[in-house]
Undergrad: 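Next up is a structure, given as structure tokens.
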Protein chains: 2
Amino acid sequence: MNDNEYPMNTDSIDEKWSDGEREILRATYRAMVEHGYSSLSISKIADELGKTKASVYYHYDSKEELLVSFLDFVVDRFKSDLAEERTEPPDTALENVIERLVPLELDDERFHGQVVLLELRSQTSRNEAFRDRFTEINELLVGIVRDIVERGIETGTFRDVEAARVAEHIVATVNGARIDRVSTDRGAAPAAVRVSLSSYIDSELRKRE
Amino acid sequence: MNDNEYPMNTDSIDEKWSDGEREILRATYRAMVEHGYSSLSISKIADELGKTKASVYYHYDSKEELLVSFLDFVVDRFKSDLAEERTEPPDTALENVIERLVPLELDDERFHGQVVLLELRSQTSRNEAFRDRFTEINELLVGIVRDIVERGIETGTFRDVEAARVAEHIVATVNGARIDRVSTDRGAAPAAVRVSLSSYIDSELRKRE
DNA sequence: GTCTATAAGGTGATAGAC
DNA sequence: GTCTATCACCTTATAGAC
């Protein structure tokens with residue numbers, strides 16, 4: 001389902017956005033971290049960019065167009081952050097994906113990234129393009145987990161469960177924990193969920209005897 | 001932890017808000033459903049109220065104050081919607097709570113309620129009062145589930161698991177499914193999570209032999 | 001309590017010079 | 001590509017009449 005995924009962390013030859021556009025998208029990201037989605041404006045983006053509003057409008061015809069492009073930018077980062085070698089044994093692969101999605105420690109940069117994602121997610125009911133992207137993200141996550149579980153069943157590591165159903169469960173739990181982390185002060189919750197997920201994987205997936 | 005909870009659906013004697021305030025809060029709710037948090041304005045609320053902006057400012061000194069009051073209003077509704085007799089046996093009590101939080105069918109009214117909650121939740125990183133309320137909501141949910149699980153352990157229905165940890169897991173899963181529902185087009189996901197949660201409860205909680 | 005009128009400033013967006 | 005200047009409009013909030 002995802003053949004052409006490369007780690008785009010480094011700014012390699014990437015034709016998706018021009019240099020000017022990427023500078024604007026990066027400025028948008030900073031403006032969003034600082035001011036939040038609901039008080040984001042072209043002026044604030046331009047300030048962050050170090051140029052004037054008119055410069056922004058040279059690259060984007062409207063705020064709406066910029067925001068959809070920004071959403072792609074953020075989703076792209078999320079996806080490439082997730083892209084990883086999948087050669088490890090299924091049980092450690094599963095644990096690695098979970099660790100990546102719900103790390104025990106979350107540095108400021110990733111924390112801000114999750115806040116931005118949550119703020120964008122809150123726009124899904126009002127904007128179809130937004131809803132499409134988050135549908136895509138969740139399907140990607142479920143697909144990754146499902147593939148690992150299926151591989152585990154084939155190799156005999158896991159019991160013969162319904163992979164799709166288990167994947168939905170794990171992704172829902174992971175998403176719940178992620179959103180809890182950025183929207184409450186319940187610092188201990190992510191760790192509790194991590195432990196509980198391991199236990200779940202153990203009792204529902206891992207073969208006994 | 002929650003002795004004084006009554007179903008406040010009907011407008012009984014409730015000293016928390018004056019009649020005028022409640023009218024404004026209800027108008028705010030309608031305006032929010034229609035326009036979304038990020039384009040919510042006093043004008044739109046006044047329009048929905050059928051009065052002028054100045055009338056709103058007679059009851060609230062600032063938009064900020066109104067919004068925090070509105071948050072209380074919404075959280076209150078959420079809590080009273082959850083308040084329920086807890087006399088059923090633990091296993092059905094648990095299933096009922098889950099059914100209530102992640103119903104298989106979601107009518108428009110409740111759907112809008114969850115959208116509003118998600119939009120308010122997206123403000124948590126920018127506003128401490130908001131974060132406090134959502135911390136409270138999640139702790140309430142975890143508390144409800146934990147109590148049921150503990151009761152199940154005492155009565156011998158459930159195995160002797162770590163109730164707090166299992167509660168965190170269930171609440172995270174439920175929250176993930178709830179947010180998935182309002183922010184993606186993955187219509188089948190909530191049902192899949194429901195099935196998977198039942199299976200989880202069965203294998204992790206329910207006593208065998 | 002609700003109104004009209006108004007203030008001061010921010011918003012998205014465009015025209016035209018360089 | 002970036003700038004200045006400008007537009008019409010919307011924003012939060014207040015003053016004062018009724």
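In the text below, chain A, chain B and the rest are named by the order of the sequence lines, each starting its count at 1. This structure is a prediction, so every number in the text was calculated from the model and none was measured. The figures here come from the full heavy-atom set of this structure, side chains too, leaving out hydrogens, waters and symmetry mates.
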Undergrad: Does a salt bridge link A:E48 with A:R26, judged by any charged N lying under 4.0 Å from a carboxylate O?
TA: no
Undergrad: Return yes if some donor-acceptor pair links the side-chain N/O of B:R181 with the main-chain N/O of B:F111 below 3.5 Å, else return no.
TA: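 Not confirmed, B:R181 side chain does not pair with B:F111 backbone.
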Undergrad: Using whole Å, what does the distance between atom P of nucleotide D:dT6 and atom CD1 of A:I42 come to?
TA: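 Rounded to the whole Å, the gap is 22 Å.
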Undergrad: Measure the CD1-CG distance between A:I170 and A:L94 for me, rounded to the nearest 0.5 Å.
TA: 4.5 Å
Undergrad: Are any of A:S41's side-chain N or O atoms less than 4.0 Å away from OP1 or OP2 of C:dG10?
TA: no
Undergrad: How long is the straight-line distance from CE of A:M32 back to CZ of A:F70, given to the nearest 0.5 Å?
TA: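 So the gap between those two atoms works out to 5.5 Å.
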Undergrad: In terms of ring plane angle, is the pair B:F130 and B:Y37 parallel, tilted or perpendicular, where the classes change at 30° and 60°?
TA: perpendicular
Undergrad: Nearest whole angstrom, please: distance from the C1' of D:dT12 to the NE2 of B:H59.
TA: 18 Å
Undergrad: NZ of A:K63 versus C1' of D:dC10: gap in Å, rounded?
TA: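 My rounded result for the distance is 13 Å.
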Undergrad: At 10 degrees resolution, what angle do the end axes of the helix from C:dG1-D:dC18 to C:dC18-D:dG1 form when each is taken over five base pairs?
TA: 0°
Undergrad: Where each residue is assigned the nucleotide of DNA chain D containing its nearest heavy atom, which of A:K53 and A:Y58 is assigned the position nearer the 5′ end?
TA: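 In this pair, the answer is A:Y58.
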Undergrad: Just the rounded figure in Å: distance from C1' of C:dG1 to OH of B:Y60.
TA: 15 Å
Undergrad: Rounded to whole Å, please give me the gap between CD in A:E65 and P in C:dG12.
TA: 15 Å
Undergrad: Can you tell me the distance, in whole Å, between the CD1 atom of B:I45 and the C1' atom of D:dC10?
TA: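 Going from B:I45 (CD1) to D:dC10 (C1'), I get 15 Å.
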Undergrad: Rounded to the nearest Å, what distance is computed from the NZ atom of residue B:K44 to the P atom of nucleotide D:dC9?
TA: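 Nearest whole value for this atom pair: 16 Å.
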Undergrad: Report yes if at least one side-chain N or O of B:T52 is closer than 4.0 Å to OP1 or OP2 of C:dT2; otherwise report no.
TA: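 So the side chain of B:T52 is outside the cut-off, no N or O lying under 4.0 Å from OP1 or OP2 of C:dT2.
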Undergrad: Angle between ring planes, B:W17 versus B:F73, binned at 30° and 60°: parallel, tilted or perpendicular?
TA: perpendicular
Undergrad: Between A:E34 and A:K44, does any side-chain N to carboxylate O distance fall below 4.0 Å?
TA: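 Result for this pair is no, no salt bridge flagged.
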Undergrad: Using OP1 and OP2 only, check whether a side-chain N or O of B:S55 sits under 4.0 Å from C:dG1.
TA: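 No.
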Undergrad: For the pair made of OH in A:Y57 and P in D:dC3, what is the distance, rounded to whole Å?
TA: 15 Å
